[in-house]
Amino acid sequence: MRRRSGFFPLLSVALLFPLSSASAARAAVEPAVPAEWLTPAEVASFEATPTYEETLAFIRRVEAAQPTVKLDFYGASAAGRPMPVVIVSAERAFTAEAARALNKPILLVLNGIHAGEIDGKDATLLLLRDLALGELPGLLDAATILFLPIYNVDGHERVSPWNRPNQDGPVRGMGFRTTADGHDLNRDFLKLETPEARHLVALFNAWQPHLVIDDHVTNGVDHDWVITWAVPEAPQLPSAVAGWVQAAMPPILFEVEQRGHRQGPYVSLVDGQDPEKGFETLAGEPRYSTGYFPLRNRPVILVETHSHKPYRERVLANRDFLEATIRQLGATGLALRSAIASAALATVMKGQRTAPPSTIAVTYEKDEPDEFRVPFYDWSLAPSIVSANPVTIYENARVREAIVPWYHRLKVAKSLPRPRGYIVLPGWPAIEERLAAHGLKTVRLASAIETEVETTRLADPRFASSTYQGLTGVSATARRAVERRAIPAGALWVPADQPDFEVAVQLLEPEAADSVLSWGLVSALFEDKEYIDIPKLDELAKRQLEDPAVRAEWEKALADPAFAGDPAARYRWWYRRTPYWDEQIELFPVFRLLEPLPSGG
């Protein structure tokens with residue numbers, strides 16, 4: 001049974017305005033722009049996007065003409081390029097402290113995380129130009145805005161017309177998807193492997209924006225929408241904040257439609273050969289912007305312009321989406337700030353020493369779908385020369401609407417009792433550095449303590465057959481036990497009574513998709529560091545076999561032919577039963593405390 005969701009009011013928006021995507025011009029007449037204020041993309045008739053230096057030069061012209069705009073830099077890329085941020089503030093609150101002191105929301109706009117998908121940058125330059133010319137009355141009063149015109153600055157300069165095979169323009173070339181050393185920044189929000197991601201999260205920590213927009217361009221399926229979107233929902237997003245999103249999105253989408261841009265949710269087909277099986281619009285894991293910012297009680301809007309539409313259409317649609325969102329944020333910013341504060345307080349209260357038991361979400365899975373009317377372009381199957389398999393061919397400009405399943409909600413797949421906090425054993429900098437970079441509150445134990453903890457031992461590790469993002473992922477079977485253990489001085493205490501505790505959960509619970517274990521950042525814990533000679537082990541085994549219980553256990557193990565024929569497995573079976581075995585092998589270096597941390601640490 002398909003259910004109607006809280007987002008069902010959005011479904012009617014596209015039906016109210018049956019506009020053709022060929023009508024890229026806005027419904028309102030655009031004011032004439034003086035030639036000297038045309039953006040570089042406009043000068044090039046949208047056949048090109050400006051280089052890094054040309055982009056900064058245009059922004060500096062805006063900065064000189066408009067005192068409410070400031071160009072700043074928040075770090076350097078792996079290749080050493082300064083990473084620009086454009087701050088727009090009616091009050092000229094150009095520092096994080098000044099902006100946070102104002103009674104207005106802060107918006108963060110990410111452009112060019114995949115530098116070939118650069119529509120958002122040129123849309124941003126259009127908005128900044130209009131601000132400089134005084135064409136956007138009231139917009140400055142809506143919010144303090146942080147525009148990142150180019151996030152992936154190194155990929156941005158690797159320009160080629162061949163970088164995006166499935167994208168219509170800019171025809172003279174666009175940047176490349178990844179950083180100089182091959183990292184995809186939209187897989188790095190939680191693990192923070194790159195300097196770019198670390199600088200971005202530091203910027204977020206300082207400014208604490210209330211809403212994030214992440215601009216992209218689609219791949220794959222062909223349809224009549226020029227701009228698509230995705231937003232996380234409850235339970236992945238705190239319910240109070242999800243309520244704001246549900247109320248705010250319809251007016252934004254209404255305005256976008258009024259401006260002449262057909263829109264709909266982001267389409268990722270369930271079956272690439274059969275659009276009628278439905279599509280997904282899911283927020284995903286915290287490696288993505290859409291999965292990370294909800295951990296910090298923030299809404300995020302993923303914008304995906306449609307790659308098969310001409311570049312000019314896409315940029316104008318992106319620009320109008322940004323403007324509509326800024327205006328809506330100005331109208332409802334107080335409600336959003338209140339929802340975020342409520343969600344943060346709820347997380348803190350659940351983690352307090354005297355709080356009643358509750359659970360944490362570790363993983364999510366796809367929930368039941370709703371139905372959605374999608375204006376696909378007509379499709380058929382044809383044999384592929386390359387693969388010899390059937391491939392979907394679309395006839396653009398011939399719309400074939402279909403009402404199909406729409407998967408847009410996630411539900412909790414695995415939950416655990418909420419701990420009062422985590423203890424990270426000393427000597428694991430890969431863990432400590434990430435906790436610090438995300439701005440989590442931690443306390444280093446000044447002296448050793450002894451307390452009851454929940455330990456996790458990781459059995460049967462399964463390593464990925466190839467690297468991903470330069471790392472070798474791993475999964476394992478987590479076996480938890482309650483033990484009384486001595487905790488050494490220097491261990492790190494991560495308390496649960498802090499607003500961003502869900503970030504710690506996703507890093508420190510081994511089963512989480514983007515945990516330090518899953519990314520292979522602590523794989524040394526699976527490695528034997530010492531060994532015992534076979535003759536010595538045989539000696540010990542003979543003695544132990546005098547115990548009938550051990551002999552029975554050994555004979556049971558030998559009944560498995562695979563085990564009996566595996567010398568390494570037999571060796572390990574006996575080694576584990578000697579006092580020489582290193583008990584820290586397979587011991588996850590993070591303990592859960594289900595009771596408050598004893599005093600004295």
Side-chain angles (χ1 to χ4, degrees), residues 39-60 71 73-86 109-126 147-189 191-201 203 214-220 287-289 302-312 314-315 318 466-471:
T39 67
E42 289 175 314
V43 170
S45 300
F46 290 91
E47 292 185 352
T49 188
T51 66
Y52 173 88
E53 291 296 344
E54 290 167 343
T55 300
L56 295 189
F58 187 85
I59 292 169
R60 287 189 175 103
L71 173 63
F73 298 90
Y74 62 101
S77 69
R81 288 186 177 88
M83 300 171 66
V85 55
V86 182
V109 180
L110 298 177
N111 296 311
I113 191 171
H114 296 147
E117 305 169 23
I118 204 60
D119 305 19
K121 179 196 71 177
D122 285 317
T124 290
L125 296 185
L126 289 173
F147 287 107
L148 304 192
I150 311 165
Y151 176 28
N152 179 10
V153 290
D154 292 344
H156 184 272
E157 294 306 280
R158 186 179 164 184
V159 177
S160 169
W162 317 117
N163 280 343
R164 293 276 292 166
N166 306 308
Q167 181 172 301
D168 185 354
V171 296
R172 297 185 205 169
M174 68 289 289
F176 195 70
R177 181 179 182 87
T178 65
T179 61
D181 61 351
H183 281 89
D184 185 334
L185 294 176
N186 201 31
R187 305 295 183 272
D188 201 31
F189 277 93
K191 62 181 171 61
L192 300 183
E193 222 21 39
T194 61
E196 291 89 345
R198 293 192 291 272
H199 293 316
L200 174 60
V201 169
L203 182 77
D214 186 8
D215 286 325
H216 289 252
V217 182
T218 67
N219 287 297
R287 67 189 65 175
Y288 306 106
S289 65
L302 174 71
V303 173
E304 294 264 4
T305 57
H306 187 221
S307 62
H308 299 299
K309 300 299 185 293
Y311 190 55
R312 181 179 184 275
R314 302 200 317 261
V315 170
N318 201 323
S466 61
T467 61
Y468 179 59
Q469 301 300 308
L471 299 171

Any donor and acceptor pair, going by atom type alone, linking the side chain of [X] with main-chain N or O of [Y] inside 3.5 Å?
{"X": "Asn111", "Y": "Tyr151", "answer": "no"}
{"X": "Lys121", "Y": "Thr49", "answer": "no"}
{"X": "Thr467", "Y": "Leu471", "answer": "no"}
{"X": "Asn163", "Y": "Arg158", "answer": "yes"}
{"X": "Gln469", "Y": "Arg187", "answer": "no"}
{"X": "Ser45", "Y": "Glu47", "answer": "no"}
{"X": "Ser307", "Y": "Asn166", "answer": "yes"}
{"X": "Gln167", "Y": "Gly116", "answer": "yes"}

With sequence neighbours excluded, tell me which residues meet salt bridge (charged side-chain N to carboxylate O under 4.0 Å, His left out) with [X].
{"X": "Arg198", "value": "none"}
{"X": "Glu117", "value": "Arg164, Arg177"}
{"X": "Asp215", "value": "none"}

If we ignore angles and hydrogens, is there a donor and acceptor under 3.5 Å between the side chains of [X] and [Y]?
{"X": "Tyr288", "Y": "Asp214", "result": "no"}
{"X": "His114", "Y": "Asn152", "result": "no"}
{"X": "Asp184", "Y": "Thr178", "result": "no"}
{"X": "His156", "Y": "Asp154", "result": "no"}

What residue among Lys309, His308, Arg314 forms side chain to side chain contact (heavy atoms under 4.5 Å, CB included) with Asp168?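 For Asp168, the side chain to side chain contact (heavy atoms under 4.5 Å, CB included) check succeeds only for Arg314.
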With a 4.5 Å heavy-atom cut-off, do [X] and [Y] have their side chains touching?
{"X": "Leu110", "Y": "Phe147", "result": "no"}
{"X": "Val303", "Y": "His216", "result": "no"}
{"X": "Tyr52", "Y": "Val159", "result": "no"}
{"X": "Tyr311", "Y": "Asp122", "result": "yes"}
{"X": "Leu125", "Y": "Pro50", "result": "yes"}
{"X": "Ile113", "Y": "Leu148", "result": "no"}
{"X": "Leu126", "Y": "Val315", "result": "yes"}

Could you go step by step and tell me if Asp188 and Arg287 meet the salt bridge (Lys or Arg N to Asp or Glu O under 4.0 Å) rule? CA-CA 5 Å; Asp188 201 31; Arg287 67 189 65 175; over 6 Å; no
Go through the steps for Leu56 and Arg60 under the test side-chain contact (heavy atoms from CB on, under 4.5 Å), then give the verdict. CA-CA 6 Å; Leu56 295 189; Arg60 287 189 175 103; 3.6 Å; yes
Atom of Pro84, atom of Pro149 and distance for their closest heavy-atom approach: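 Scanning both residues, the minimum pair turns out to be O-CD, 3.5 Å.
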